[in-house]
Protein chains: 2
Amino acid sequence: MPMSRGFGPMWWHGRFRGCGYRVTVPREAILDMLSKSDKHLSAEDIYMKVHTRYPAIGLTTIYRTLDILANMGLIFKFDFGDGRARYELVEGPKGKMHHHHLICTSCNRIIDYTDFIDDEVELLKRTEKGLLKKYNFKITNHLIQFYGLCEKCQKKGGD
Amino acid sequence: MPMSRGFGPMWWHGRFRGCGYRVTVPREAILDMLSKSDKHLSAEDIYMKVHTRYPAIGLTTIYRTLDILANMGLIFKFDFGDGRARYELVEGPKGKMHHHHLICTSCNRIIDYTDFIDDEVELLKRTEKGLLKKYNFKITNHLIQFYGLCEKCQKKGGD
DNA sequence: ATTGATAATGAAAATCGTTTTCAATAAGGA
DNA sequence: TCCTTATTGAAAACGATTTTCATTATCAAT
């Protein structure tokens with residue numbers, strides 16, 4: 001009941017049942033939290049946020065649930081090179097913008113950007129088609145990340 | 001002496017000294033091994049290969065050396081999502097082809113490809129210039145990876 | 001060549017994110 | 001409501017990587 005925010009009647013329930021998964025309090029709590037909160041959260045970030053409202057939910061369940069959600073395609077799992085995985089909702093019913101990440105190699109700050117996506121989509125389409133033909137590799141997903149120095153770290157003299 | 005392969009008088013010595021690093025047997029052994037052997041090796045892969053010729057070199061030194069080499073820009077460190085980092089030489093004096101990876105999410109096989117790099121380079125150039133202007137983010141590196149199913153795993157019925 | 005300051009090394013222990021184990025609990029079809 | 005079984009949480013296990021620290025090796029100065 002504290003979960004719903006009125007944008008659809010628990011639209012993910014169907015997905016769960018369809019995959020043979022049960023709908024449980026921890027799963028609802030985690031999905032609800034992800035849909036409301038910041039992006040690129042680590043498992044522990046998520047654990048702490050969920051924990052404030054549901055102290056009974058353990059870190060193990062967070063990991064297990066994130067794994068399921070990633071396999072179902074509801075969330076993305078990222079590695080930004082700092083030793084812990086990061087997660088973000090693929091898109092809510094509202095539809096979040098497709099985006100990529102700029103990763104500062106000095107301070108680990110993450111900047112989302114949504115620019116140049118059109119050009120990129122075109123390139124990717126061509127690439128995916130070509131790779132399918134040449135290697136018979138069926139692409140389901142891609143990752144594009146840029147590494148470098150953010151404004152602050154450039155001034156500080158870099159890493 | 002068993003290190004040299006005649007393609008340049010230990011060209012990396014200069015880079016080392018320039019960074020204040022000493023040239024040591026383990027470092028030469030590791031670089032030499034990387035220049036001769038397959039790509040996307042894990043730290044343990046490298047350890048075992050180096051170990052056959054230099055049993056005294058420990059795994060700790062492998063990690064430390066790989067870290068230095070990555071910071072110097074001599075090698076790339078990749079994460080393919082299987083829990084261990086992979087490393088490959090950026091390019092030897094012979095010049096290796098710029099390439100990207102297709103990662104099979106079912107069997108973890110890695111396929112290198114060098115196709116469509118021209119189109120990609122053009123897109124990246126534009127993107128980098130635009131991101132620099134908009135976010136004042138100085139890009140030093142990028143990562144592009146495709147995930148999907150290789151030929152074999154498609155036939156097996158996927159993951 | 002010898003020396004000396006100190007960077008680099010290896011073994012073992014520590015770290016830390018993530019997984020596994022297992023007994024207890026809860027979801028949801030009957 | 002009952003019953004099967006998926007799900008859970010706590011603790012232990014795991015595994016890649018890092019740290020510690022005493023020893024060794026590099027190399028600039030002699």
Side-chain angles (χ1 to χ4, degrees), chain A residues 1 3 10 12-31 33 40-72 75 77-87 108, chain B residues 1 3 10 12-31 33 40-48 50-72 74-75 77-87 108:
Chain A
M1 197 245 282
M3 327 249 68
M10 304 299 173
W12 55 64
H13 285 204
R15 295 281 299 267
F16 269 86
R17 316 298 286 292
C19 295
Y21 294 122
R22 293 179 180 173
V23 176
T24 67
V25 170
R27 287 170 187 178
E28 290 196 299
I30 291 167
L31 268 171
M33 204 282 285
H40 15 89
L41 297 167
S42 69
E44 188 143 9
D45 292 338
I46 294 167
Y47 169 68
M48 289 192 298
K49 291 218 177 213
V50 169
H51 190 265
T52 62
R53 204 181 295 263
Y54 299 88
I57 296 176
L59 182 56
T60 308
T61 297
I62 304 290
Y63 276 109
R64 275 191 290 232
T65 303
L66 290 172
D67 201 44
I68 287 174
L69 296 177
N71 283 331
M72 289 174 64
I75 63 174
K77 180 180 182 178
F78 289 98
D79 172 77
F80 294 150
D82 64 344
R84 68 193 60 200
R86 307 271 169 173
Y87 303 85
N108 282 318
Chain B
M1 198 246 278
M3 326 250 68
M10 303 298 174
W12 55 65
H13 285 204
R15 293 282 298 268
F16 270 86
R17 315 299 284 290
C19 296
Y21 294 123
R22 293 180 180 172
V23 175
T24 67
V25 170
R27 287 170 187 178
E28 290 195 298
I30 291 167
L31 268 172
M33 204 283 285
H40 16 88
L41 297 167
S42 69
E44 187 142 9
D45 292 338
I46 294 166
Y47 169 68
M48 290 191 298
V50 169
H51 190 265
T52 62
R53 202 180 298 263
Y54 299 88
I57 296 176
L59 182 55
T60 309
T61 298
I62 303 290
Y63 276 109
R64 275 190 290 233
T65 303
L66 291 172
D67 200 45
I68 287 173
L69 296 177
N71 283 332
M72 289 174 64
L74 291 179
I75 62 174
K77 179 180 183 178
F78 288 97
D79 170 77
F80 293 151
D82 65 343
R84 67 193 62 200
R86 308 272 169 174
Y87 304 85
N108 283 317

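From a predicted model like this one, the values you see are computed outputs, not experimental measurements. Order of the sequence lines fixes the chain letters, A, B, ..., with proteins taken first and strands second; residue numbering starts at 1 for each chain.
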Check the phosphate of C/dT18 against A/Tyr63, side-chain N and O only, distance under 4.0 Å to OP1 or OP2. Yes or no? yes
Rounded distance in Å - CD1 (B/Ile62) to C1' (D/dA16): 15 Å
To the nearest angstrom, the CG-P distance between A/Leu69 and D/dT7 comes to 12 Å
Could you pull out all residues at least two apart from B/Asp79 that satisfy side-chain hydrogen bond (donor to acceptor under 3.5 Å, both in side chains)? none
All N/O donor-acceptor pairs, side-chain side in residues 20-27 of chain A, below 3.5 Å, sequence neighbours left out:
residue: A/Thr24; atom: OG1; partner: A/Arg27; partner atom: N; Å: 3.4
residue: A/Arg27; atom: NH1; partner: A/Arg22; partner atom: O; Å: 2.9

Which nucleotides of nucleotides 22-30 of chain C have their base under 4.0 Å from a protein heavy atom (B), which only their sugar-phosphate (S), and which neither (-), written as one string 5' to 3'? -----BSS-
Between atom CG in A/Asp67 and atom C1' in C/dT18, what is the gap in whole Å? 10 Å
Could you tell me how far apart A/Asp45 (CG) and C/dT18 (C1') are, to the nearest whole angstrom? 15 Å
Residue among B/Thr60, B/Leu59, B/Asp67 satisfying side chain to side chain contact (heavy atoms under 4.5 Å, CB included) with B/Tyr63: B/Leu59
Gap separating the OG1 atom of A/Thr65 from the CG atom of A/Leu31, nearest 0.5 angstrom: 8.5 Å
Whole angstrom is fine here: how far is it from CD1 in A/Ile30 over to P in D/dT7? 13 Å
Quickly work out the B/Asn71 CG to D/dT18 P distance and round it to whole Å. 11 Å
Roughly what angle, to 10°, lies between the helix axis at the start of the helix from C/dA1-D/dT30 to C/dA30-D/dT1 and the one at its end, five pairs per end? 40°
How long is the line joining CG of B/Leu59 and P of D/dA16, in whole Å? 10 Å
Between A/Gly20 and A/Tyr47, which residue's closest nucleotide on DNA chain D lies nearer the 5′ terminus? A/Gly20
Salt bridge (charged side-chain N to carboxylate O under 4.0 Å, His left out) involving A/Asp82 - partner list, sequence neighbours excluded: A/Arg86
Can you measure B/Arg84 atom CZ to C/dT18 atom C1' for me and round it to whole angstrom units? 14 Å
Under 4.5 Å between any side-chain heavy atoms of A/Phe16 and A/Leu69, yes or no? yes
I want to verify a distance call: between C/dT9, C/dT19, C/dA11, whose nearest atom is closest to the B/Thr60 side chain? C/dA11
Could you check A/Ile57 against B/Ala85 and say which one's nearest nucleotide on DNA chain D is further toward the 5' end? A/Ile57
Rounded to the nearest 0.5 Å, the CG atom of A/Leu66 sits from the CD1 atom of A/Ile30 at a distance of 6.0 Å
Taking side-chain hydrogen bond (donor to acceptor under 3.5 Å, both in side chains) as the test, write out the residues that go with B/His51, two or more places apart. none
Derivation and outcome, side-chain contact (heavy atoms from CB on, under 4.5 Å), residues B/Met33 and B/Ile46: CA-CA 8 Å; B/Met33 204 283 285; B/Ile46 294 166; 3.6 Å; yes
